[in-house]
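Okay, so here's the structure we're looking at.
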Amino acid sequence: MTTATAQARSPIAPQHVDVKPYMYVFAGLLCLTVATVLVSYFDWSPWLTIFIGLAIATVKASLVATFFMHLKGERVIIYGLLGLCAVFVAVLFAIPITDSQANMGRRQPIAVVVEEAKPAAPALPAKALPATP
Amino acid sequence: MNLNYPKYGWGLPVAASTYARDIDFGIRLIHYAMFAIFILWGIFFTYLLIRYRRRDGVPAEREHEHHPIKSLMPDLIVMVFEIGLIAFYAIPVWSRIKQTFPDPKDANEINVIAEQFAWNVQYPGPDGKFGKRSPDLVHFSNPIGLDRSDPAAKDDVVLANEIHMPLGKPTLIHLMSKDVIHSFFIPSFRIKQDAVPGMDIPVWVQPTRPGLYELSCAQLCGFGHSLMRAEVVVQTPADYAAWLKSQEPAPAAAAQPQNLGF
Amino acid sequence: MSSSAVAVNYPGEHSGLTNAKLGIWLFLASEVMLFATLFTSYLVIRLGSSSWPRGWEVLNVPLGTINTFVLITSSVTIILAYAKCMARDKAGFKTYMALTLALAFVFLGIKSVEWGTKFRAHHFPSTNIFFGVYFVLTGLHALHVIGGIILNSVLLFMADKHWDDPLFAGRVEAAGLYWHFVDIVWIFLLPALYLL
Amino acid sequence: MANQHVSDPTEHAHASHELSFWRKYVFSVDHKVIGLQYCITAWIFLLIGFSLMMLMRWQLAFPYQPVPFLGRFLSPHLAPNGVISAELYNQLGAMHGTIMVFLGIVPLAVGAFGNYLVPLQIGAPDMAFPRLNMMSYWLYLPAGLLMLASFFLPGGAAQSGWTSYPPLADINPGQTVWLLAMVIIITSSLLGSINFLVTTLNMRAKGLTLSRLPVFVWSEMVASVLLLLAFPPLEAASILQLADRVLHTSFYIPAGLVVLGVPSTATGGGQPILWQHLFWFLAHPEVYVLVLPPMGIVAEIIANNTRKPLHGYKTIVASMIAIGFMSFIVWAHHMFISGMAPALSNFFLVTTMIISVPSVAILTCFIYSLKGGSIRFTTPMLFALAFLPMFGIGGLTGLPLGISVTDIYLHDTYYVIGHFHYVVVTGSIVAMMGGVYHWFPKWFGRKMNDTLGKVHFWGTLLCMNGVFFPMFIQGMAGQDRRYWDPMTQLHNVPTQPLHVVSSISAWTLFLFQLPFIYNFFHSMFHGEKADNPWEATTLEWACPSPPPHGNFVKIPRVYRGPYEYSVPGAKTDWIAQDAPEAA
């Protein structure tokens with residue numbers, strides 16, 4: 001505690017941060033954004049489009065995390081925390097999606113369609129229960 | 001024919017379906033094991049409390065060595081028991097009850113459509129085909145929204161809070177719900193399955209004993225949850241056929257849902 | 001204020017991270033779970049439907065793309081603000097922080113134009129599940145942007161008074177981490193909603 | 001934002017005298033004051049939740065009879081002629097669960113015990129973010145009050161059970177306020193868990209390595225990780241449900257609903273089971289948040305009162321971590337019959353059986369810890385000892401519920417209610433009552449009365465068993481849970497008299513809490529003075545009782561593990577963690 005206090009009171013020395021890598025990452029991110037938009041205009045199979053779209057997003061996100069968020073060279077404890085998160089996120093994705101897909105045959109899926117410019121806003125659903133007896 | 005409810009009392013109700021015995025076997029086995037574990041454990045616990053109570057001049061003994069195996073020993077026993085249960089009981093029986101279904105051709109196929117707070121049953125009639133249903137047609141005189149213009153619907157029988165099943169033949173039930181989640185529970189058959197709106201969940205059961213049984217809702221579904229009761233009538237195949245025939249001439253007279261005062 | 005100072009915010013002897021940094025990472029971990037849940041819900045509902053509108057048929061891709069550029073740029077400006085803070089250049093810090101804030105407001109402005117167009121076309125969250133997903137996901141993201149704006153403006157206005165506080169740089173870093181996270185969420189939202 | 005400037009603690013101990021009453025006791029940033037605020041608020045919520053249940057129990061024991069005495073105070077709309085209506089019953093049920101779990105036990109286990117003890121046990125002057133800590137409490141209290149206020153709002157309180165399953169929760173009145181309050185409570189818990197983790201990871205005294213942490217601190221750490229990573233999914237899910245209710249989206253509503261004869265205008269496309277996945281993704285780890293800190297409390301009390309180190313410290317800690325990790329992948333055992341794809345059940349069946357292994361290991365270690373001890377039957381020790389068989393019953397009865405096949409029959413019967421109440425009430429709450437007796441001298445510098453404590457203990461133990469044991473018999477007979485009227489179904493009727501036993505036990509249980517309440521407030525001012533009456537070794541006893549502002553006069557240094565009792569050759573049968581080597 002005393003050492004910490006001493007540290008805290010010492011004048012802060014300027015530290016030079018090299019910003020050049022950030023600029024490269026920035027350029028990379030911009031290119032990837034353009035790429036992901038372009039890819040979406042190709043009429044590939046939906047699964048391929050989804051896969052490529054998410055792959056590019058993952059690359060972009062990891063660029064931001066690695067360089068902007070300084071995950072590169074971060075303490076092990078942060079890696080551990082994010083690793084744990086990743087495992088649980090994977091479970092959270094895997095189980096409900098598996099369940100929903102496995103249950104496709106037992107559900108009546110609907111087609112979600114967007115009609116252009118509806119004439120009026122839909123009436124609010126009458127959801128409340130009727131007055132209680 | 002005179003049908004009666006079984007005597008309901010304390011303990012498991014009469015086992016009246018083909019797989020009820022399998023479920024009871026598990027419940028009994030696990031409870032015997034639980035009692036055994038708890039009693040042995042309780043004796044040991046009481047012994048420790050008496051043997052190692054504080055006495056003047058007797059200090060506590062620190063253990064000088066620690067054997068992790070020792071503290072994991074009860075675990076090993078529990079684990080072996082559980083692995084056995086999973087491999088030889090839970091997975092096979094589960095797969096038989098919930099994952100394999102009788103062929104619709106050999107089964108008595110019905111739709112059960114739950115609503116707040118009634119069980120509607122749709123029988124396909126002699127043509128073996130269910131008539132179309134639509135939410136827009138739902139009316140108090142037509143609780144399941146049966147489309148009477150559909151040829152398949154002409155001979156359909158719709159009943160409320162009454163399910164008939166023949167003996168010696170599995171009944172394949174398509175569970176559906178109109179509004180919220182309900183749960184289809186016939187204690188004597190050891191059958192329970194949630195009815196989820198937007199889903200058609202198949203369950204099957206083969207009764208082994210003629211009589212009346214009770215169907216209750218096991219998932220909170222609103223203020224009338226505890227009133228959601230239906231009667232299950234298990235008849236001999238001949239009686240069942242006769243009953244079904246007696247229903248046909250008046251298919252339009254669908255039963256009203258229970259009036260609960262709303 | 002004085003009473004809170006008993007808990008000294010020193011780099012932990014055990015973890016090697018300052019309280020602020022460890023705290024913000026833990027917070028981000030919980031945010032990851034939050035958005036992961038929203039994405040799971042989106043995927044379950046989308047994959048569970050028999051058809052789903054292609055985002056670009058319904059949404060304004062150019063605006064979405066511009067917003068992506070805006071947000072990525074603001075991520076860069078906030079890291080430059082942090083670099084200036086480390087280099088003890090107060091004016092530079094303030095410039096980049098103000099730039100970050102301005103970009104955040106641009107993002108929200110474009111977003112509100114987009115939402116306004118949708119409302120005028122009578123597309124509401126209740127219209128169908130696609131718009132439900134679109135409005136709730138972008139709305140929650142926008143709330144996070146607003147949170148970041150508050151955090152960053154507090155830092156901008158605190159800069160004069162607390163410039164010599166040894167903890168100040170740590171707070172800028174924490175705010176930056178949060179802001180990058182908001183950026184990452186958008187990076188996933190863009191393809192998920194607009195492009196696929 | 002954390003503190004504004006840095007200076008040494010003595011200066012602040014001095015400065016604290018100048019704090020106004022409001023800053024010192026109400027909007028305090030001192031972890032001890034916040035801990036006690038949490039403690040008292042959470043016990044009050046537990047009492048409120050308990051009162052709701054006592055009211056429900058009247059309806060179950062004596063259906064159709066007007067509630068004596070209290071009946072006339074109930075709203076005539078909800079309780080005509082003093083008879084509890086189905087709506088009121090469902091409101092009471094949903095709020096009982098919500099209040100007990102989210103406003104009672106979690107805040108007590110984490111907010112109260114954790115807040116007061118974790119900084120003390122790790123030798124820290126306060127939590128890492130004191131003002132965040134204050135914010136946690138001041139989010140929790142309004143959220144709790146909002147939850148309670150919902151009884152008096154139009155539409156009444158939530159009545160879809162504490163699980164709030166849609167579409168019922170989407171159409172029932174009263175749910176919006178519940179969801180709002182939940183979002184606030186979750187935020188409060190999240191802030192709290194971040195604070196705990198940073199404090200424990202960063203602010204431990206010198207020499208206090210992770211392997212020297214008291215088990216209680218470990219349990220709080222694991223519980224905090226669970227809160228941190230499991231609560232956000234429920235927050236997101238609640239936001240989606242809120243959107244369903246307020247913005248009329250259909251995240252959980254399929255197309256084609258007809259509610260009470262009226263076709264719903266919701267456009268559909270959602271899935272009700274999705275909510276169940278997200279809800280139980282939180283709610284199963286939540287169960288371990290309810291259970292782990294009390295286990296930590298029991299560990300502390302047992303080590304202290306057997307006067308010997310815990311058996312298998314490492315096994316206990318490893319098991320806690322294993323439980324914490326596994327608790328994230330067992331959730332769907334609550335959903336075996338929910339309509340989830342049946343094949344998934346097998347996966348969750350296996351993980352559920354795996355998670356029972358570390359639980360058994362912890363219990364075994366606790367029992368072996370008694371062996372060779374010199375057991376003092378103090379009041380806290382009685383509670384800790386009662387925890388073991390009671391939690392054992394709770395754990396064992398989880399077995400037929402975790403096996404998918406037997407769960408087909410037992411699911412949603414009173415068996416389930418009996419099971420989780422054995423875990424949470426006779427387990428967690430009993431342990432935390434013991435914790436109050438154990439740490440009361442620390443909080444107020446005085447001991448609680450022992451005789452009253454023993455009356456409280458035996459009464460509580462007997463009555464709790466009287467309340468919950470009959471539920472197993474009822475469950476076996478197929479008695480459905482959440483039934484307002486236990487007489488409508490033939491198969492429920494024979495076991496209905498057991499409700500009378502449960503109800504009378506519940507009301508007696510309330511009477512046995514009166515000595516506890518009296519004891520607590522009386523001893524606060526008039527109890528026997530005590531500083532370290534239990535001769536305990538852990539760090540919280542190294543500072544004066546009650547600890548001054550800033551806790552430790554001198555930041556302690558730790559030289560040994562947490563439970564150095566009966567060390568051969570030592571002068572006393574305990575050596576404090578901070579006693580220098582020479583001693």
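Chain letters run A, B, ... following the sequence lines, proteins first and then strands; every chain starts at 1.
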Practice task
Report the C-alpha separation of D/T267 and A/V112 in whole Å, then their side-chain angles, then the decisive distance to 0.1 Å, and conclude whether the side chain to side chain contact (heavy atoms under 4.5 Å, CB included) test is met.
Solution key: CA-CA 9 Å; D/T267 50; A/V112 179; over 6 Å; no
Minimum heavy-atom distance between [X] and [Y], given as atom pair plus value:
X      : Y      : answer
A/D99  : D/A341 : OD1-N, 2.8 Å
D/L228 : A/L81  : CD2-CD1, 4.4 Å
A/I95  : D/H277 : CG2-CE1, 3.9 Å

Proximal component of D/L257, with respect to chain A [non-hydrogen, under 4.5 Å]: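 Contact with chain A: none, neither part.
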Q.
With a 4.5 angstrom heavy-atom cut-off, is it the side chain or the backbone of D/P233 that approaches chain A, or both, or neither?
A.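 Only the side chain of D/P233 comes within 4.5 Å of chain A.
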At what distance, to the nearest 0.5 angstrom, does [atom1] of [X] lie from [atom2] of [Y]?
X      : Y      : atom1 : atom2 : value
A/R107 : D/I273 : CZ    : CD1   : 8.5 Å
A/C85  : D/L229 : SG    : CG    : 5.0 Å
A/I77  : D/L201 : CD1   : CG    : 4.5 Å

Evaluate whether atom CZ of A/R75 has more than 12 neighbouring non-hydrogen atoms of other residues, nucleotides or ligands under 6.0 angstrom away.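 No - once you tally the heavy atoms of other residues, nucleotides and ligands closer than 6.0 Å, there are 12 at most.
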**Message:** Quick check on A/F51: does its CZ atom have over 12 non-hydrogen neighbours (other residues, nucleotides or ligands) under 6.0 Å away?
**Reply:**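 No - once you tally the heavy atoms of other residues, nucleotides and ligands closer than 6.0 Å, there are 12 at most.
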* To do: Could you have a look at D/G339, D/A343, D/A255, D/P167 and say which one has the most heavy-atom pairs with chain A under 4.5 angstrom?
  =>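 Going by pairs under 4.5 Å, I would pick D/G339.
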Among A/L92, A/V87, A/V89, A/T98, who wins on heavy-atom pairs under 4.5 Å with chain D?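 Heavy-atom pairs under 4.5 Å are most numerous for A/L92.
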Listed by residue number, which members of residues 324-334 of chain D have a heavy atom under 4.5 Å from any heavy atom of chain A?
->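 When heavy atoms of chain A are the reference, residues 324-334 of chain D contributes D/F325, D/F328, D/I329, D/W331 within the under-4.5 Å range.
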